[in-house]
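Beneath this line is the structure, given in C-alpha cells, with notes to follow.
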Amino acid sequence: MQVNAVRFMLSAVAAGAMAACAAAASSESDVKVLTTDTFKEWTASQSLALVEFYAPWCGHCKALAPEYEKAATMLKPDIGVAKVDCTEEQALCEEMEIPGFPTLKVFKDGDHAAYNGTRKAQGIVNYMRKQLLPPLSQLTAETLDQFTKSDRVVVIGFIDDKDSTEYKALDTLANELRDEFNFGVAPGLAKEYGVKAPAVIAFKEFDDGQDILEEITVDSLRKFIKTSSVPVLGEISGETYSMYAQTGLPFGFIFFDSPEMREQLEKELYDVAKANKDINFVLIDANKYGSQADHLNLEHQWPAFAIQAQSSLDKYPFSGELTSDSVAEFVQDYLDGKLEPSYKSEPIPQTNDGDVMVLVSKQFNEIAFDKSQDVLVEFYAPWCGHCKNLAPTYDKLGRIMKGSGVVIAKMDAIANDVPSSEPELQIYGFPTIVLIRGEDNAIIEYKGNRSLESLVEFIEENAATKVTVDPKALKDDEDEDEEDEDEDEDVVNKAEEPARESEASEASEASEESKDEEPVQESKAEEPAQESKTEKPKEQGNHDEL
C-alpha cells in the first residue's frame with residue numbers, strides 16, 4: 001500500500017531534535033530501535049517479539065511510549081520489544097502495510113500478526129506472555145494452583161477424557177481466545193476443587209473468585225467465558241471500557257453522581273445484575289462521563305439507567321424510579337424484545353424541496369428505504385471542518401441530480417439518531433456518505449475523494465436509476481466557481497496576507513489528519529487513520545468520552 005506522504009512532513013529542525021532525543025533515550029531503553037537495515041535480521045532472530053510502528057508527532061504514540069517502555073523492561077529477556085520510526089523508515093512501513101499510528105505487530109518464528117491487546121504496560125505483558133504458552137496448558141497437581149493465579153481470568157477444564165466432546169469444546173475455545181485468556185486442562189483433579197468431571201471453572205480476581213460450568217459445549221463455553229470475564233457490577237471508565245466491549249454483550253449503564261449514590265445503587269441493583277449476566281451492568285460516574293447520557297437519550301438527572309446494544313447501538317433509556325423491581329422488569333422486557341429503541345430526532349422540516357433534501361430521524365426510513373428512488377445521504381456534524389468544506393460541492397451535486405430519480409440528502413448525525421440496525425449505517429466518523437439503492441435497498445458507502453466528478457461517477461456506477469450526467473453540466477459549475485473567485489479577488493487582495501506557516505506547523509496539521517480516529521460512540525479501540533473522517537474537537541468543560 002502507499003502511505004500518505006503528507007504524514008511524513010517534518011521540519012529539519014524538528015526531525016533533528018527528535019532524533020537526538022531518541023538517541024539519548026535508546027541508550028537506556030529496553031526497546032530496540034529498528035531500521036530498514038536491521039529489521040529483517042532482528043525479527044528473524046526472535047522466537048517471540050513485539051514491534052511498534054510509530055510517528056514522532058503522533059499523539060497516541062506519545063501516550064503509548066511510557067507504557068511500552070515499562071512493558072519492554074518487564075518482558076525481557078524472554079520477549080523482544082522494538083520500534084520503527086515510520087517518518088525515517090517510510091519504505092519499510094509501506095512494505096509492512098502500516099495503516100495508521102501506532103500499529104503494533106507480534107512476530108513469532110518469522111511470521112507476524114496484528115497485536116490485539118490493550119495499550120497499558122500490564123496488558124501488553126499479559127498479552128505477550130500468553131503467546132509463550134500453548135493454547136491449552138496440560139496441568140498437574142503441582143502446577144495447577146499457580147496457574148489459577150496467572151491472569152485476572154483463567155479458564156481450566158476438569159476433564160478426564162481427551163476424546164470427549166467437552167475436551168474438544170475446551171480445545172476449540174482455547175485456540176479461539178488464546179490472546180485474551182489463559183486456558184488449562186487438569187485431568188483427575190476435579191474432586192480436589194469441589195466439582196465433578198467434566199466441568200470448567202473460571203478462576204478470577206473479582207466477584208466470588210470463580211464460576212462453574214457443567215454443561216459444556218462450544219456455544220455454552222463461549223458464553224460462559226464472556227459473562228465470567230467481567231465483574232457482575234463494576235465501574236466503567238476509559239481504562240476498563242474495552243474489557244466490557246470485547247464481550248459483545250449489551251451494556252446496562254447505571255449513572256451516579258456521588259459516592260453515596262454509587263453505594264446505594266450497587267446495593268440495590270447487584271442482585272439484578274447477577275441474575276442477568278447477558279447484560280454488562282456497569283456503574284458510570286455522571287460527573288466525568290455525563291456526555292454518555294446524551295448518547296443514550298437520557299436527561300441529566302441522576303441516578304439514571306439505560307441499556308445499549310453493542311451490535312446495533314440501539315438505546316433503551318429507562319424512566320422512573322430505580323429500584324431492583326423496576327429495573328428487573330425493564331431488563332426482562334428488553335430481553336423479551338418488548339421495548340422499542342429510542343431515537344433522537346429534529347422536527348420534520350415543513351418544506352423540503354431544496355436541491356439537497358434534509359433528513360431527520362422521524363422520516364429517515366420512509367425516505368431512505370423507498371425502493372422507488374435511489375438516495376445518497378451525507379451524515380455530517382455541524383462542527384466538522386471536512387463537512388463544511390464539502391458543502392458547496394454537495395450542493396452542486398444536488399442541483400445536478402435534481403429530478404433524475406436520485407435523491408441527494410443530508411442528515412445532522414449529532415441532532416438525529418439513525419433509526420436502523422444496518423451495520424453499514426452505524427456512523428463512526430464525519431462526513432460519511434452512503435448510497436441506498438432503490439431497487440434492493442443495498443447500502444454502498446462512498447469511499448472516493450470529495451470532488452464533484454468522483455461523486456457523480458459513484459452514482460452513475462452504483463445507482464439503480466440509470467443516470468448519465470452531461471460533462472457540460474460539470475463544466476458549467478466550474479465556470480460559475482471561477483466567476484465567483486474573480487468577484488472576490490479584489491477583496492482578498494486588500495486583506496493582509498497571512499504569514500506562511502512553518503514547515504513544522506504543516507507537519508502538525510498533517511498529524512491531526514492522520515491521527516487514529518475515535519468512534520462517535522464509546523469505543524476506545526484505535527482505528528487506522530482516515531482522512532475522509534474527522535473528530536469532534538475537545539471543548540473546555542466537556543465531559544470525558546469512554
So, taking the atom named CG in Leu376 and the one named CD1 in Ile459, what distance separates them when rounded to the nearest 0.5 Å? 5.0 Å
With side chains defined as the heavy atoms from C-beta onward, is the minimum distance between Gln308 and His295 less than 4.5 Å? no
Side-chain atoms of residues 347-357: list all donor-acceptor pairs with protein atoms under 3.5 Å, sequence neighbours left out, distances to 0.1 Å.
{"from": "Asn352", "atom 1": "OD1", "to": "Val358", "atom 2": "N", "distance (Å)": "3.0"}
{"from": "Asn352", "atom 1": "ND2", "to": "Val358", "atom 2": "O", "distance (Å)": "2.8"}

Sub-3.5 Å donor-acceptor pair from the side chain of Tyr289 to the main-chain atoms of Ser237, do we have one? no
Check side-chain hydrogen bond (donor to acceptor under 3.5 Å, both in side chains) between Thr393 and all other residues, then give those that pass, not counting sequence neighbours. none
Checking Ser291 against Asp294 for the side-chain contact (heavy atoms from CB on, under 4.5 Å) test, could you report, in this order, the C-alpha distance in whole Å, the side-chain angles of both residues, the deciding distance, and whether it holds? CA-CA 5 Å; Ser291 60; Asp294 299 329; 4.2 Å; yes
If I compare all heavy atoms of Leu298 with all of Pro317, which pair ends up nearest, and what's the gap? CD2-CB, 3.6 Å
Do Tyr394 and Pro431 come within less than 4.5 Å of each other through their side chains, counting heavy atoms only? no
Side-chain donor or acceptor of Asn416 paired with backbone N/O of Ser361 under 3.5 Å: yes
Residues Cys61 and Tyr54: closest non-hydrogen pair is SG-CB, 3.6 Å
With sequence neighbours left out, what residues match Ala368 under side chain to side chain contact (heavy atoms under 4.5 Å, CB included)? Phe364, Ile436
For a 4.5 angstrom cut-off between non-hydrogen side-chain atoms, does Pro303 reach Phe305? no
For residues Phe224 and Ile216, determine if any side-chain heavy atom of one lies less than 4.5 Å from a side-chain heavy atom of the other. no
Identified ring pair (Phe, Tyr, Trp, His ring centres under 6.0 Å) partner of Phe318 from the options Phe253, Phe330, Tyr334: Phe330
Gap between atom CG of Asp314 and atom CG of Leu296 - 0.5 Å precision: 11.5 Å
Stepwise side-chain contact (heavy atoms from CB on, under 4.5 Å) test for Leu64 and Phe101: CA-CA 11 Å; Leu64 172 62; Phe101 307 116; over 6 Å; no
So, does Asp370 use its side chain to make a donor-acceptor pair with the main chain of Ser372 at under 3.5 Å? yes
I want to check something: taking the side chain as every heavy atom from C-beta on, are Glu180 and Ser229 in contact at a cut-off of under 4.5 Å? no
Minimum side-chain heavy-atom gap Phe430-Leu390 below 4.5 Å: no
So Val230 and Met243, side-chain contact (heavy atoms from CB on, under 4.5 Å) or not? Walk me through it. CA-CA 7 Å; Val230 295; Met243 175 185 71; 4.1 Å; yes
Specify whether Phe107 and Phe39 have parallel, tilted or perpendicular ring planes, treating 30° as the upper limit for parallel and 60° as the lower limit for perpendicular. perpendicular
Validation row: Val84, Ile98 side chains within 4.5 angstrom (heavy atoms): no
Going by the salt bridge (charged side-chain N to carboxylate O under 4.0 Å, His left out) test, which pairs reach into residues 428-439, not counting sequence neighbours? Arg437-Asp440
Heavy-atom side-chain contact between Ile284 and Gln292 under 4.5 Å: yes
Show your reasoning for whether side-chain contact (heavy atoms from CB on, under 4.5 Å) applies to Gln426 and Val418. CA-CA 8 Å; Gln426 304 310 316; Val418 181; over 6 Å; no
Looking only at non-hydrogen atoms, find the nearest pair between Leu269 and Leu233 and report the distance. C-CD2, 4.2 Å
Heavy-atom count around Glu329 CD within 6.0 Å, excluding the residue itself: above 12? no
Would you find a donor on one side and an acceptor on the other, under 3.5 Å apart, between the side chain of Asp374 and the backbone of Ala464? yes
Check: Thr465 side chain, Val406 main-chain N or O, donor-acceptor pair, under 3.5 Å: no
Could you state the interatomic distance from NZ (Lys371) to CG (Asn441), rounded to the nearest 0.5 Å? 5.0 Å
State yes or no: are the ring centers of Phe251 and Tyr241 separated by less than 6.0 Å? yes
Salt bridge (charged side-chain N to carboxylate O under 4.0 Å, His left out) pairs touching residues 221-232, sequence neighbours excluded, are Glu176-Arg222, Asp219-Arg222, Lys223-Asp278
For the backbone of Ile225 and the side chain of Ser228, can you confirm whether one donor and one acceptor N or O come within less than 3.5 Å of each other? no
Under 3.5 Å donor-acceptor, Lys315 side chain and Ala306 backbone: no
Counting only N and O atoms by type, is there a donor-acceptor contact under 3.5 Å from the side chain of Gln310 to the main-chain atoms of Leu249? yes
Specify the closest pair of heavy atoms between Leu221 and Ala169, including all atoms of both residues, with the distance to one decimal. CD2-O, 3.9 Å
Kindly compute the distance separating CD (Gln363) from CE (Met411), expressed to the nearest 0.5 Å. 8.5 Å
Separation between CD1 of Ile427 and CD1 of Ile414, rounded to the nearest 0.5 Å: 10.5 Å
Is a side-chain donor or acceptor of Gln131 paired with a backbone partner of Met128 at a separation under 3.5 angstrom? no
Compare every heavy atom of Pro102 with every heavy atom of Arg119, then report the nearest pair and how far apart it is. NH1-CG, 3.4 Å
Pick from Phe53, Tyr68, Tyr127: which one makes a ring pair (Phe, Tyr, Trp, His ring centres under 6.0 Å) with Tyr115? Tyr127
Would you compute the distance between atom OG1 of Thr118 and atom CD of Glu67 and round it to the nearest 0.5 angstrom? 8.5 Å
Can you establish whether the number of heavy atoms outside Glu460 located under 6.0 Å from its atom CD is more than 12? yes
Between Pro56 and Lys62, which heavy-atom pair has the shortest distance, and what is it? O-CE, 3.1 Å
Checking Ala113 now: which residues fulfil side chain to side chain contact (heavy atoms under 4.5 Å, CB included) with it, not counting sequence neighbours? none
So does Lys410 get a backbone contact from the side chain of Glu378, meaning a donor-acceptor N/O pair under 3.5 Å? no
